[in-house]
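To start, the structure itself, in structure tokens.
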Amino acid sequence: MKIPENVFFILKTLKQNGYEGYAVGGCVRDTILGREPEDWDITTSAKPEQVKALFRRTVDTGIKHGTVTVMLGDTGYEVTTYRMDGEYEDHRHPAEVVFTPDLTEDLKRRDFTINAMAYNPEAGIVDKFDGMGDIEKKCIRCVGDAAERFEEDALRMLRGVRFAGQLMFDVESLTLAAIEKKAPTLVSVSAERIRTELTKLLVSEGADRILLAVETGLSKYFLPELDRMLATPQNNPHHAFDVGNHSVQAVKHVNELWEENRVVGEKAHVALVYAALLHDVAKPDCKTTDEKGIDHFYSHNELGAEKAKKILRRLKFDNDTIYTVCKLIKYHDTRHENCLIDGQYSSKGKRAMRRLINRVGMEVMPLLFLLQKADLLAQGDFQREEKLARLAAGMRCYKEIREAGDAVTIKDMAIGGNEIIELGIKPGPAVGDILQKLLECVLENPEKNTPDELTQIARRLVKTRV
């Protein structure tokens with residue numbers, strides 16, 4: 001197994017000073033799977049003070065629990081003493097830890113077999129619980145008794161679902177049954193911890209494994225709205241799935257589209273998967289059925305943005321992500337009607353597009369287009385090609401507006417507040433009112449965005465106020 005130079009150095013230093021040391025956990029699992037580990041953790045027979053004595057730069061990141069971070073250059077490596085956990089009193093943290101000289105005792109306290117393997121160059125892979133066998137079977141299985149592992153730490157249940165999604169594995173039946181049994185203990189886990197696991201799941205290839213959280217009853221403790229969405233059919237020619245499964249499919253398409261072109265960064269990717277998951281969250285509240293038995297969901301986008309804000313706040317998201325997700329949900333159903341007329345591209349759609357850009361924001365528009373495409377791909381086949389052609393025409397309108405530098409906000413205009421004041425309007429709300437009217441003018445007629453044109457219009461507006 002190939003390990004980084006710095007990890008080899010730490011293991012070698014420990015061995016030269018009479019201590020055992022192994023790379024352990026996720027880094028071993030990912031290397032076996034041919035994935036790039038996010039970080040490298042090391043477990044050792046050395047006590048924390050002994051580790052600190054061996055390396056020049058260390059940080060006491062969790063010394064009470066045996067963890068010292070060894071700094072090599074700008075990178076930190078967590079080095080933790082072999083330990084056994086004491087009683088868990090809150091379904092999350094052990095009341096105490098006991099250091100042990102036995103590697104096996106350290107490995108047996110870990111969550112899943114695939115995370116309970118250790119490695120060093122001399123011993124090779126130490127696999128006491130058949131993690132390699134479970135990797136071959138693509139199976140998530142607890143170390144020892146699954147109910148005990150989840151009783152110790154309730155977050156492990158959601159971690160199991162997340163690993164299934166990230167690795168495209170299945171959860172072993174006894175482990176799945178234990179999740180169902182222990183699901184109520186998830187209430188003891190903080191929203192921040194749940195958000196981290198849920199986000200890692202949603203941006204993964206197997207994002208649809210979130211349905212395991214529903215099947216086992218986990219979801220009702222962090223996202224009960226999804227259960228309602230899955231229970232809401234869409235008897236409508238445009239849809240092949242119920243609301244929940246449609247939304248999960250939209251998440252998968254967002255991930256595929258993001259992976260294809262990487263047009264946005266990782267933070268925007270996170271906003272997109274939550275927008276996809278929640279874009280129809282209000283449909284259960286808005287559902288009506290007409291005399292022909294066709295379901296409709298009027299105003300679900302506006303109400304959905306409001307509901308999503310509450311959900312994201314509950315999950316302790318930052319304000320920027322909440323703002324972006326809610327914008328995307330509010331406008332995800334915009335049709336770009338006049339951008340495609342009789343099957344042909346039309347620049348007539350630019351007026352509506354400039355107004356949409358003004359409301360959504362120039363930088364958010366690429367995210368909106370990606371969400372809209374994912375939404376369409378997650379629907380049924382009905383009129384799909386026409387819908388995709390209209391979306392492509394809308395994207396072309398946006399591209400041409402951006403390339404032309406058309407004004408879409410007040411700050412894009414050729415004159416601003418100072419020029420309005422020079423025309424005799426006192427600083428205050430009246431200046432903003434005139435600027436807004438000028439913006440309305442240039443949104444309709446972008447060619448009028450010149451200092452002369454706007455000044456003449458502003459003069460007429462000033463006269464009407466005198």
Side-chain angles (χ1 to χ4, degrees), residues 11 14 19-30 32 37-48 50-51 61-69 77-120 123 125-135 139-164 167 169 171-172 174-179 181-182 185-186 188-190 193 196-197:
L11 297 178
L14 289 167
Y19 305 111
E20 294 177 7
Y22 293 84
V24 69
C27 59
V28 177
R29 175 201 71 221
D30 287 345
I32 291 167
E38 287 185 12
D39 46 42
W40 287 80
D41 293 332
I42 293 159
T43 189
T44 179
S45 60
K47 300 285 179 60
Q50 293 167 330
V51 174
T61 42
I63 200 159
K64 187 173 93 170
H65 295 98
T67 300
V68 173
T69 297
Y77 299 86
E78 288 194 355
V79 180
T80 304
T81 305
Y82 299 160
R83 73 185 208 195
M84 298 181 293
D85 294 337
E87 291 294 319
Y88 283 76
E89 298 176 341
D90 60 356
H91 301 294
R92 187 72 187 94
H93 304 100
E96 62 173 349
V97 299
V98 179
F99 298 143
T100 173
D102 188 350
L103 172 64
T104 301
E105 288 296 326
D106 182 85
L107 296 176
K108 73 195 292 188
R109 70 179 176 82
R110 295 173 184 269
D111 51 8
F112 305 107
T113 60
I114 59 172
N115 296 335
M117 295 182 288
Y119 171 85
N120 73 25
I125 294 173
V126 178
D127 181 15
K128 301 289 185 179
F129 307 100
D130 197 26
M132 288 291 286
D134 287 334
I135 284 177
C139 171
I140 305 295
R141 179 171 63 90
C142 281
V143 174
D145 183 87
E148 286 183 19
R149 296 291 80 76
F150 299 144
E151 180 68 23
E152 291 165 351
D153 183 352
L155 185 62
R156 288 170 171 168
M157 296 182 287
L158 195 52
R159 277 169 57 83
V161 174
R162 186 256 289 184
F163 284 129
L167 304 176
F169 281 17
V171 180
E172 179 251 357
L174 292 177
T175 301
L176 207 59
I179 293 175
K181 179 181 178 182
K182 294 294 182 179
T185 63
L186 193 68
S188 63
V189 179
S190 72
R193 291 285 189 176
T196 296
E197 295 300 325

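Keep in mind it's a predicted model, so treat the numbers as computed, not measured. For the single chain, residues carry numbers from 1 onward in sequence order.
Looking at every heavy atom in both residues, M132 comes nearest to D127 through N-OD2, 2.9 Å. When every heavy atom of V171 is checked against every heavy atom of A164, the shortest pair comes out as CG2-CB, 3.9 Å. Between L14 and A46, the shortest heavy-atom distance links the atoms CD2-CB, 4.2 Å. Between R83 and H65, the shortest heavy-atom distance links the atoms NH1-O, 3.1 Å. For A154 against S188, the heavy-atom pair with the smallest separation is CB-OG, 4.1 Å. Across every non-hydrogen atom of A123 and N120, the tightest pair is N-OD1, 2.7 Å.
Atom SG of residue C139 and atom CZ of residue F112 lie 10.5 Å apart, to the nearest 0.5 angstrom. Here the CD1 atom belonging to I42 is positioned 12.0 Å from the OG1 atom belonging to T81, to the nearest 0.5 angstrom. Rounding to the nearest 0.5 Å gives a distance of 10.5 Å between CG of L176 and SG of C142. Taking NZ of K182 as the reference point, atom CD of E151 lies at 3.5 Å (rounded to 0.5 Å). One finds the CE atom of M117 at 14.0 Å from the NZ atom of K128 (value rounded to the nearest 0.5 Å). Rounding to the nearest 0.5 angstrom, the gap separating the CZ atom in R162 from the OG1 atom in T196 is 9.0 Å.
Residues R159 and N115 are in side-chain contact: their nearest non-hydrogen atoms beyond the backbone lie under 4.5 Å apart. Within the 4.5 Å cutoff, side-chain heavy atoms of I114 are placed close to those of L167. Looking only at side-chain heavy atoms (C-beta outward), D41 and D39 come within less than 4.5 Å of each other. I125 places a side-chain heavy atom less than 4.5 Å from the side chain of I32. In this structure the side chain of F99 reaches within 4.5 angstrom of the side chain of P48, judged on heavy atoms. In this structure the side chain of E20 reaches within 4.5 angstrom of the side chain of Y82, judged on heavy atoms.
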Would you please test T175 and F150 for side chain to side chain contact (heavy atoms under 4.5 Å, CB included) and show each step? CA-CA 9 Å; T175 301; F150 299 144; 3.8 Å; yes
Check step by step if side chain to side chain contact (heavy atoms under 4.5 Å, CB included) holds for T43 and L103. CA-CA 8 Å; T43 189; L103 172 64; 3.9 Å; yes
Yes or no on side chain to side chain contact (heavy atoms under 4.5 Å, CB included) for T44 and Q50, after CA distance, side-chain angles and deciding distance? CA-CA 10 Å; T44 179; Q50 293 167 330; over 6 Å; no
Go through it in stages, so that I can follow the logic: the residues are V24 and L107, the test is side chain to side chain contact (heavy atoms under 4.5 Å, CB included), and I'd like the CA-CA distance, side-chain angles, deciding distance and then a yes or no. CA-CA 9 Å; V24 69; L107 296 176; 3.8 Å; yes
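Looking only at distances, a side-chain donor or acceptor of R156 sits under 3.5 Å from a matching main-chain atom of R149. Between the side chain of R110 and the main chain of G25, no donor-acceptor pair closer than 3.5 Å is present. In this structure, T113 contributes its side chain and V143 its backbone to no donor-acceptor pair below 3.5 Å.
Every salt bridge (charged side-chain N to carboxylate O under 4.0 Å, His left out) that K108 has, sequence neighbours left out, goes to E105.
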